[in-house]
Amino acid sequence: MTDKERQEAIPVATPPYASDALAEGTVDAVVIGGGAAGLNGALILARSRRSVVVIDSGSPRNAPAEAVHGFIVFDGTPPSEILRRGREQVRQYGGRVVFGEVVSAESAAPSADGDLRFTVTLADGRSVTARRILVATGLRDVLPEVPGLAEHWGHSVVHCPYCHGWEVRDEPIGILATGPASIGHAYLFRQLTEDLTYFTHGTDLDEDSRARFAARGIRVIDTPVTEVVDDEHGALAGVRLADGEVVARRVVAVASPMQARTQGLEGLGLPVQELPTGRGFASGTAGATEVPGVWVAGNATDLVAQVGASAAAGALAGADINRMLATADTDAALQEIAEASPHGATG
(Lines give C-alpha, C1' and ligand atoms only; values in the text may rest on other atoms or scores of the structure.)
Protein backbone atom coordinates (compact mmCIF):
# COMPACT_ATOMS: atom_id res chain seq x y z
CA MET A 1 0.00 0.00 0.00
CA THR A 2 1.42 3.41 -0.97
CA ASP A 3 1.47 6.44 1.34
CA LYS A 4 -1.21 8.07 -0.77
CA GLU A 5 -3.45 5.03 -0.49
CA ARG A 6 -3.06 5.03 3.27
CA GLN A 7 -4.49 8.55 3.36
CA GLU A 8 -7.72 7.48 1.75
CA ALA A 9 -10.44 5.21 3.03
CA ILE A 10 -9.89 1.75 1.59
CA PRO A 11 -12.52 1.23 -1.15
CA VAL A 12 -14.69 -1.82 -0.68
CA ALA A 13 -16.52 -3.31 -3.64
CA THR A 14 -20.17 -4.22 -3.46
CA PRO A 15 -21.11 -7.90 -3.82
CA PRO A 16 -21.03 -9.06 -7.46
CA TYR A 17 -24.21 -8.71 -9.45
CA ALA A 18 -25.27 -9.25 -13.05
CA SER A 19 -24.53 -6.26 -15.26
CA ASP A 20 -26.99 -5.19 -17.93
CA ALA A 21 -25.84 -4.75 -21.51
CA LEU A 22 -24.86 -1.22 -22.42
CA ALA A 23 -27.60 0.39 -24.49
CA GLU A 24 -27.01 0.99 -28.18
CA GLY A 25 -27.93 4.21 -29.89
CA THR A 26 -28.76 7.35 -27.93
CA VAL A 27 -30.38 7.19 -24.51
CA ASP A 28 -32.21 9.96 -22.72
CA ALA A 29 -29.86 9.97 -19.74
CA VAL A 30 -26.72 8.38 -18.41
CA VAL A 31 -26.31 8.37 -14.64
CA ILE A 32 -22.68 8.14 -13.56
CA GLY A 33 -22.70 6.55 -10.12
CA GLY A 34 -24.81 3.71 -8.71
CA GLY A 35 -25.34 4.89 -5.14
CA ALA A 36 -28.48 6.28 -3.51
CA ALA A 37 -28.44 9.54 -5.48
CA GLY A 38 -27.76 7.91 -8.84
CA LEU A 39 -30.24 5.08 -8.44
CA ASN A 40 -33.02 7.35 -7.21
CA GLY A 41 -32.42 9.75 -10.08
CA ALA A 42 -32.55 6.83 -12.49
CA LEU A 43 -35.73 5.55 -10.85
CA ILE A 44 -37.52 8.86 -11.42
CA LEU A 45 -36.36 8.95 -15.04
CA ALA A 46 -37.28 5.33 -15.74
CA ARG A 47 -40.73 5.83 -14.22
CA SER A 48 -41.12 8.77 -16.60
CA ARG A 49 -40.53 6.36 -19.47
CA ARG A 50 -37.08 7.74 -20.18
CA SER A 51 -34.33 5.46 -21.43
CA VAL A 52 -31.69 5.59 -18.71
CA VAL A 53 -28.40 3.81 -18.07
CA VAL A 54 -26.67 3.80 -14.70
CA ILE A 55 -22.90 3.27 -14.79
CA ASP A 56 -21.85 1.78 -11.45
CA SER A 57 -18.18 1.38 -10.50
CA GLY A 58 -19.17 -0.82 -7.56
CA SER A 59 -17.20 1.01 -4.84
CA PRO A 60 -19.63 3.07 -2.77
CA ARG A 61 -18.25 5.18 0.05
CA ASN A 62 -20.36 3.46 2.71
CA ALA A 63 -19.49 -0.10 1.67
CA PRO A 64 -17.35 -0.74 4.79
CA ALA A 65 -20.27 0.12 7.09
CA GLU A 66 -22.42 -2.66 8.48
CA ALA A 67 -25.65 -0.67 8.20
CA VAL A 68 -27.16 2.62 7.13
CA HIS A 69 -28.58 4.73 9.95
CA GLY A 70 -30.65 7.89 10.22
CA PHE A 71 -32.76 6.98 7.17
CA ILE A 72 -36.32 6.25 8.21
CA VAL A 73 -37.65 2.79 7.21
CA PHE A 74 -34.14 1.73 6.11
CA ASP A 75 -32.44 2.38 9.45
CA GLY A 76 -30.21 -0.61 10.21
CA THR A 77 -30.23 -1.95 6.65
CA PRO A 78 -26.86 -2.97 5.15
CA PRO A 79 -25.75 -0.55 2.40
CA SER A 80 -25.40 -3.43 -0.07
CA GLU A 81 -29.03 -4.41 0.49
CA ILE A 82 -30.30 -0.89 -0.20
CA LEU A 83 -28.30 -0.81 -3.43
CA ARG A 84 -29.51 -4.27 -4.43
CA ARG A 85 -33.12 -3.22 -4.02
CA GLY A 86 -32.44 0.05 -5.81
CA ARG A 87 -30.97 -1.70 -8.85
CA GLU A 88 -33.93 -4.06 -9.00
CA GLN A 89 -36.39 -1.18 -8.85
CA VAL A 90 -34.65 0.79 -11.59
CA ARG A 91 -34.68 -2.30 -13.80
CA GLN A 92 -38.35 -2.89 -13.02
CA TYR A 93 -39.16 0.24 -15.02
CA GLY A 94 -36.83 -0.49 -17.91
CA GLY A 95 -33.69 1.23 -16.70
CA ARG A 96 -30.31 -0.43 -17.13
CA VAL A 97 -27.55 -0.78 -14.53
CA VAL A 98 -24.13 -1.42 -16.03
CA PHE A 99 -21.11 -2.38 -13.96
CA GLY A 100 -18.20 -0.32 -15.22
CA GLU A 101 -15.82 2.57 -14.68
CA VAL A 102 -16.18 5.81 -16.62
CA VAL A 103 -12.87 7.03 -18.03
CA SER A 104 -14.24 9.93 -20.05
CA ALA A 105 -17.42 11.93 -20.44
CA GLU A 106 -17.61 14.82 -22.84
CA SER A 107 -19.86 16.82 -25.12
CA ALA A 108 -20.56 15.43 -28.58
CA ALA A 109 -22.01 16.93 -31.75
CA PRO A 110 -25.67 17.87 -31.22
CA SER A 111 -28.49 16.06 -32.96
CA ALA A 112 -29.97 17.32 -36.22
CA ASP A 113 -32.59 19.29 -34.31
CA GLY A 114 -29.95 20.87 -32.07
CA ASP A 115 -30.50 18.78 -28.97
CA LEU A 116 -27.52 18.14 -26.72
CA ARG A 117 -25.43 15.00 -26.95
CA PHE A 118 -22.72 13.52 -24.72
CA THR A 119 -20.40 10.54 -25.10
CA VAL A 120 -19.56 8.46 -22.04
CA THR A 121 -16.72 5.94 -22.40
CA LEU A 122 -15.92 3.06 -20.06
CA ALA A 123 -12.58 1.57 -19.11
CA ASP A 124 -13.18 -1.48 -21.30
CA GLY A 125 -13.66 0.71 -24.38
CA ARG A 126 -17.45 0.59 -24.59
CA SER A 127 -19.29 3.87 -24.98
CA VAL A 128 -22.81 5.23 -24.88
CA THR A 129 -24.37 8.43 -26.22
CA ALA A 130 -26.74 10.35 -24.00
CA ARG A 131 -28.91 13.43 -24.25
CA ARG A 132 -28.34 14.36 -20.61
CA ILE A 133 -25.99 13.32 -17.80
CA LEU A 134 -26.48 13.01 -14.05
CA VAL A 135 -23.22 12.86 -12.11
CA ALA A 136 -23.65 11.01 -8.82
CA THR A 137 -20.14 9.71 -8.25
CA GLY A 138 -20.04 10.44 -4.53
CA LEU A 139 -16.85 11.31 -2.70
CA ARG A 140 -13.78 9.91 -1.04
CA ASP A 141 -12.55 10.61 2.47
CA VAL A 142 -8.95 11.76 2.81
CA LEU A 143 -7.66 10.31 6.07
CA PRO A 144 -4.68 11.59 8.07
CA GLU A 145 -1.38 9.77 7.54
CA VAL A 146 -1.67 7.63 10.66
CA PRO A 147 -0.79 3.94 10.20
CA GLY A 148 -3.66 1.62 11.04
CA LEU A 149 -6.37 4.25 10.68
CA ALA A 150 -7.70 3.23 7.27
CA GLU A 151 -7.93 -0.44 8.21
CA HIS A 152 -10.64 0.35 10.78
CA TRP A 153 -12.53 2.83 8.61
CA GLY A 154 -16.29 2.46 8.83
CA HIS A 155 -16.13 0.35 11.99
CA SER A 156 -14.01 1.66 14.87
CA VAL A 157 -12.82 4.70 12.92
CA VAL A 158 -15.85 6.81 12.12
CA HIS A 159 -16.67 10.25 10.80
CA CYS A 160 -20.38 10.94 11.38
CA PRO A 161 -22.11 11.07 14.77
CA TYR A 162 -25.46 10.58 13.07
CA CYS A 163 -24.38 7.61 10.96
CA HIS A 164 -22.42 5.77 13.65
CA GLY A 165 -22.98 7.60 16.93
CA TRP A 166 -25.56 5.35 18.55
CA GLU A 167 -23.47 2.28 17.81
CA VAL A 168 -20.40 3.71 19.61
CA ARG A 169 -22.25 5.32 22.52
CA ASP A 170 -20.58 5.07 25.93
CA GLU A 171 -17.33 3.84 24.42
CA PRO A 172 -13.98 5.57 25.10
CA ILE A 173 -13.81 7.79 22.00
CA GLY A 174 -10.89 9.79 20.64
CA ILE A 175 -11.28 12.76 18.31
CA LEU A 176 -8.31 12.88 15.93
CA ALA A 177 -8.30 16.53 14.92
CA THR A 178 -7.82 17.51 11.29
CA GLY A 179 -8.66 21.22 11.58
CA PRO A 180 -11.27 23.67 12.90
CA ALA A 181 -14.17 21.38 11.93
CA SER A 182 -12.98 18.87 14.53
CA ILE A 183 -13.90 21.25 17.36
CA GLY A 184 -17.60 21.05 16.53
CA HIS A 185 -17.14 17.34 15.94
CA ALA A 186 -16.02 16.95 19.53
CA TYR A 187 -19.17 18.51 20.96
CA LEU A 188 -21.35 16.16 18.93
CA PHE A 189 -19.49 13.06 20.08
CA ARG A 190 -19.50 14.33 23.66
CA GLN A 191 -23.26 13.89 23.49
CA LEU A 192 -22.63 10.17 22.99
CA THR A 193 -20.01 9.42 25.63
CA GLU A 194 -18.59 10.82 28.84
CA ASP A 195 -15.13 9.45 27.99
CA LEU A 196 -13.89 11.69 25.18
CA THR A 197 -10.30 12.66 24.40
CA TYR A 198 -9.37 15.30 21.84
CA PHE A 199 -6.03 14.76 20.08
CA THR A 200 -4.99 18.09 18.55
CA HIS A 201 -2.48 16.26 16.31
CA GLY A 202 -0.70 19.45 15.28
CA THR A 203 -3.83 21.55 14.77
CA ASP A 204 -4.57 24.77 16.63
CA LEU A 205 -6.94 24.79 19.59
CA ASP A 206 -7.65 28.24 21.01
CA GLU A 207 -7.98 28.97 24.71
CA ASP A 208 -11.73 29.51 24.52
CA SER A 209 -12.23 26.06 22.99
CA ARG A 210 -9.95 24.54 25.61
CA ALA A 211 -12.05 26.13 28.34
CA ARG A 212 -15.24 24.88 26.77
CA PHE A 213 -13.79 21.39 26.42
CA ALA A 214 -12.77 21.45 30.07
CA ALA A 215 -16.29 22.46 31.05
CA ARG A 216 -17.62 19.38 29.26
CA GLY A 217 -14.98 17.04 30.64
CA ILE A 218 -13.20 16.59 27.31
CA ARG A 219 -9.53 15.72 27.81
CA VAL A 220 -7.07 17.43 25.43
CA ILE A 221 -3.78 15.83 24.34
CA ASP A 222 -1.36 17.89 22.26
CA THR A 223 1.27 15.21 21.65
CA PRO A 224 0.94 13.98 18.03
CA VAL A 225 -0.55 10.56 17.28
CA THR A 226 1.83 8.22 15.46
CA GLU A 227 -0.26 5.07 14.97
CA VAL A 228 -3.41 3.17 15.80
CA VAL A 229 -2.87 0.26 18.18
CA ASP A 230 -4.83 -3.02 17.95
CA ASP A 231 -5.44 -5.65 20.58
CA GLU A 232 -4.61 -9.34 20.17
CA HIS A 233 -7.85 -9.89 18.27
CA GLY A 234 -7.24 -7.09 15.79
CA ALA A 235 -9.74 -4.70 17.35
CA LEU A 236 -8.84 -1.05 17.85
CA ALA A 237 -7.40 -0.66 21.34
CA GLY A 238 -5.96 2.84 21.34
CA VAL A 239 -3.52 5.26 19.76
CA ARG A 240 0.21 5.61 20.27
CA LEU A 241 1.63 9.08 20.80
CA ALA A 242 4.96 10.44 19.61
CA ASP A 243 6.40 10.05 23.12
CA GLY A 244 5.50 6.33 23.13
CA GLU A 245 2.48 6.55 25.42
CA VAL A 246 -0.56 4.51 24.37
CA VAL A 247 -3.92 6.11 25.11
CA ALA A 248 -6.63 3.47 25.32
CA ARG A 249 -9.56 4.15 22.97
CA ARG A 250 -12.14 1.86 21.40
CA VAL A 251 -13.28 4.36 18.77
CA VAL A 252 -11.55 7.14 16.84
CA ALA A 253 -13.64 9.86 15.18
CA VAL A 254 -12.11 11.81 12.31
CA ALA A 255 -13.62 14.80 10.55
CA SER A 256 -11.73 13.86 7.41
CA PRO A 257 -11.62 16.26 4.45
CA MET A 258 -13.86 15.04 1.63
CA GLN A 259 -13.33 15.27 -2.11
CA ALA A 260 -15.84 14.59 -4.86
CA ARG A 261 -14.88 11.74 -7.17
CA THR A 262 -13.98 13.55 -10.37
CA GLN A 263 -11.86 11.00 -12.22
CA GLY A 264 -12.96 10.59 -15.83
CA LEU A 265 -15.23 13.63 -15.74
CA GLU A 266 -12.67 16.28 -16.60
CA GLY A 267 -14.00 16.57 -20.16
CA LEU A 268 -17.33 17.91 -18.92
CA GLY A 269 -15.69 21.02 -17.49
CA LEU A 270 -17.83 21.02 -14.37
CA PRO A 271 -17.09 23.84 -11.92
CA VAL A 272 -15.94 22.82 -8.45
CA GLN A 273 -16.12 24.65 -5.15
CA GLU A 274 -14.00 24.65 -2.03
CA LEU A 275 -16.09 24.09 1.09
CA PRO A 276 -15.18 24.01 4.80
CA THR A 277 -15.53 20.23 4.68
CA GLY A 278 -13.73 19.63 1.39
CA ARG A 279 -14.09 19.98 -2.37
CA GLY A 280 -17.16 19.18 -4.47
CA PHE A 281 -18.92 20.03 -7.70
CA ALA A 282 -20.84 23.30 -7.69
CA SER A 283 -24.55 23.00 -8.39
CA GLY A 284 -27.74 25.00 -8.30
CA THR A 285 -31.44 24.24 -8.05
CA ALA A 286 -32.24 20.52 -8.41
CA GLY A 287 -28.57 19.79 -9.07
CA ALA A 288 -28.31 21.76 -12.33
CA THR A 289 -24.76 22.88 -13.19
CA GLU A 290 -23.31 25.65 -15.31
CA VAL A 291 -22.73 23.05 -18.02
CA PRO A 292 -25.94 22.69 -20.06
CA GLY A 293 -27.26 19.15 -19.96
CA VAL A 294 -25.32 18.05 -16.88
CA TRP A 295 -26.67 17.68 -13.35
CA VAL A 296 -24.99 16.55 -10.12
CA ALA A 297 -26.55 14.99 -7.04
CA GLY A 298 -25.57 13.43 -3.73
CA ASN A 299 -22.16 13.59 -2.09
CA ALA A 300 -20.48 14.71 -5.29
CA THR A 301 -21.94 18.17 -4.60
CA ASP A 302 -23.33 17.97 -1.05
CA LEU A 303 -20.42 16.57 0.91
CA VAL A 304 -22.28 16.10 4.20
CA ALA A 305 -25.48 14.56 2.82
CA GLN A 306 -26.51 11.25 4.36
CA VAL A 307 -28.14 8.48 2.35
CA GLY A 308 -31.67 9.87 2.64
CA ALA A 309 -30.66 13.36 1.57
CA SER A 310 -28.63 11.98 -1.33
CA ALA A 311 -31.55 9.88 -2.53
CA ALA A 312 -33.84 12.91 -2.34
CA ALA A 313 -31.36 15.01 -4.30
CA GLY A 314 -31.19 12.32 -6.97
CA ALA A 315 -34.98 12.36 -7.28
CA LEU A 316 -35.02 16.15 -7.69
CA ALA A 317 -32.33 16.01 -10.34
CA GLY A 318 -34.09 13.18 -12.19
CA ALA A 319 -37.33 15.15 -12.25
CA ASP A 320 -35.56 18.26 -13.52
CA ILE A 321 -33.81 16.30 -16.25
CA ASN A 322 -37.15 14.85 -17.33
CA ARG A 323 -38.66 18.36 -17.39
CA MET A 324 -35.88 19.67 -19.59
CA LEU A 325 -36.12 16.67 -21.89
CA ALA A 326 -39.87 17.23 -22.24
CA THR A 327 -39.17 20.81 -23.32
CA ALA A 328 -36.53 19.64 -25.79
CA ASP A 329 -38.95 17.01 -27.18
CA THR A 330 -41.58 19.70 -27.72
CA ASP A 331 -39.08 22.04 -29.36
CA ALA A 332 -38.06 19.24 -31.73
CA ALA A 333 -41.68 18.48 -32.58
CA LEU A 334 -42.39 22.11 -33.40
CA GLN A 335 -39.25 22.31 -35.52
CA GLU A 336 -40.30 19.20 -37.44
CA ILE A 337 -43.71 20.73 -38.18
CA ALA A 338 -42.12 23.97 -39.29
CA GLU A 339 -39.75 22.18 -41.62
CA ALA A 340 -42.60 20.17 -43.11
CA SER A 341 -44.68 23.33 -43.62
CA PRO A 342 -42.23 25.99 -44.85
CA HIS A 343 -45.00 28.61 -45.17
CA GLY A 344 -46.18 28.01 -41.64
CA ALA A 345 -49.59 26.69 -42.72
CA THR A 346 -50.88 24.23 -40.18
CA GLY A 347 -54.34 23.58 -41.44
Side-chain angles (χ1 to χ4, degrees), residues 4 8 11 19-35 37-39 41-42 45 50-61 95-140 142 258-275 278-303 310 313-314 317-318 320-322 324-325 328:
K4 181 176 184 297
E8 302 174 6
S19 173
D20 295 327
L22 193 62
E24 298 181 0
T26 300
V27 298
D28 289 320
V30 164
V31 178
I32 304 175
L39 289 173
L45 286 162
R50 295 294 180 185
S51 54
V52 57
V53 174
V54 177
I55 308 298
D56 176 21
S57 67
S59 299
R61 177 196 184 196
R96 299 189 184 201
V97 182
V98 177
F99 186 86
E101 181 181 353
V102 172
V103 293
S104 71
E106 53 192 3
S107 296
S111 65
D113 58 19
D115 191 28
L116 297 169
R117 292 292 185 271
F118 298 89
T119 300
V120 177
T121 304
L122 307 187
D124 60 10
R126 293 179 296 167
S127 65
V128 60
T129 301
R131 300 173 65 190
R132 304 293 184 269
I133 288 180
L134 172 57
V135 172
T137 49
L139 60 79
R140 62 183 181 87
V142 183
M258 297 172 281
Q259 295 184 358
R261 292 176 174 174
T262 62
Q263 186 173 359
L265 305 178
E266 295 83 0
L268 294 175
L270 293 173
V272 297
Q273 56 185 344
E274 297 294 338
L275 301 167
R279 189 168 188 263
F281 289 118
S283 64
T285 304
T289 72
E290 295 179 3
V291 179
V294 182
W295 282 253
V296 294
N299 286 146
T301 181
D302 185 353
L303 302 179
S310 293
D320 202 45
I321 292 171
N322 182 55
M324 295 299 289
L325 285 171

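The structure presented is a predicted model; accordingly, all values stated were derived computationally and were not measured. What you see below is based on every heavy atom in this structure, not just the backbone, and it leaves out hydrogens, waters and symmetry mates.
With hydrogens and angles disregarded, a donor-acceptor distance shorter than 3.5 Å links the side chain of Thr301 to the backbone of Phe281. Listed for the Arg279 side chain is no donor-acceptor partner under 3.5 Å among the backbone atoms of Met258. Put simply, the side chain of Ser127 never gets that close to the backbone of Thr121: no donor and acceptor are under 3.5 Å apart. Although no hydrogens or angles enter the test, the distance criterion places a donor-acceptor pair under 3.5 Å between the side chain of Ser51 and the main chain of Asp28.
Between Thr285 atom OG1 and Asp320 atom CG the span is 8.0 Å, to the nearest 0.5 Å. One finds the OG atom of Ser104 at 8.5 Å from the CG atom of Leu122 (value rounded to the nearest 0.5 Å). Interatomic distance, CG of Leu139 versus CZ of Arg61, reported as 4.5 Å (0.5 Å rounding).
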Does the side-chain contact (heavy atoms from CB on, under 4.5 Å) test come out yes or no for Leu22 and Val53, once each step is laid out?
CA-CA 8 Å; Leu22 193 62; Val53 174; 3.9 Å; yes
Please walk me through it: do Arg96 and Val27 pass side-chain contact (heavy atoms from CB on, under 4.5 Å)?
CA-CA 11 Å; Arg96 299 189 184 201; Val27 298; over 6 Å; no
Apply side-chain contact (heavy atoms from CB on, under 4.5 Å) to Val135 and Leu268, showing your working.
CA-CA 10 Å; Val135 172; Leu268 294 175; 4.2 Å; yes
Using the side-chain contact (heavy atoms from CB on, under 4.5 Å) rule, take Gln263 and Glu101 through it: C-alpha gap first, then chi angles, then the decisive distance, then the call.
CA-CA 10 Å; Gln263 186 173 359; Glu101 181 181 353; 4.3 Å; yes
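Pairing each heavy atom of Gly58 with each of Asp56, the nearest pair is N-OD1, 2.9 Å. Between Val296 and Leu270, the closest heavy-atom pair is CG1-CD1, 4.2 Å. Closest of all the heavy-atom pairs between Leu303 and Gly280 is CD2-CA, 4.2 Å. Closest approach of Ala108 to Thr119, counting heavy atoms only: CB-OG1, 3.5 Å. Thr137 and Arg261 get closest at one heavy-atom pair: OG1-O, 2.8 Å. Residues Arg132 and Trp295 approach most closely at CD-CZ3, 3.8 Å, considering heavy atoms.
Between Val294 and Phe118 there is a side-chain heavy-atom pair separated by less than 4.5 Å. Residues Val52 and Val31 form a side-chain contact, since some pair of their non-hydrogen atoms from C-beta on lies under 4.5 Å apart. Side-chain contact check for Arg50 versus Arg131: some heavy-atom pair is nearer than 4.5 Å. Ile133 places none of its side-chain heavy atoms less than 4.5 Å from the side chain of Ile321. Using a 4.5 Å cut-off on side-chain heavy atoms (C-beta onward), Asp302 and Ser310 make no contact. Put simply, the side chain of Ile32 does not reach to within 4.5 Å of the side chain of Leu134, judged on heavy atoms. With a 4.5 Å cut-off on side-chain heavy atoms, Arg117 and Ser111 count as touching.
The environment of Gln273 atom CD is dense: over 12 non-hydrogen atoms of other residues, nucleotides or ligands sit within 6.0 angstrom. Crowding of Glu290 atom CD: a count of heavy atoms from other residues, nucleotides or ligands under 6.0 Å not exceeding 12.
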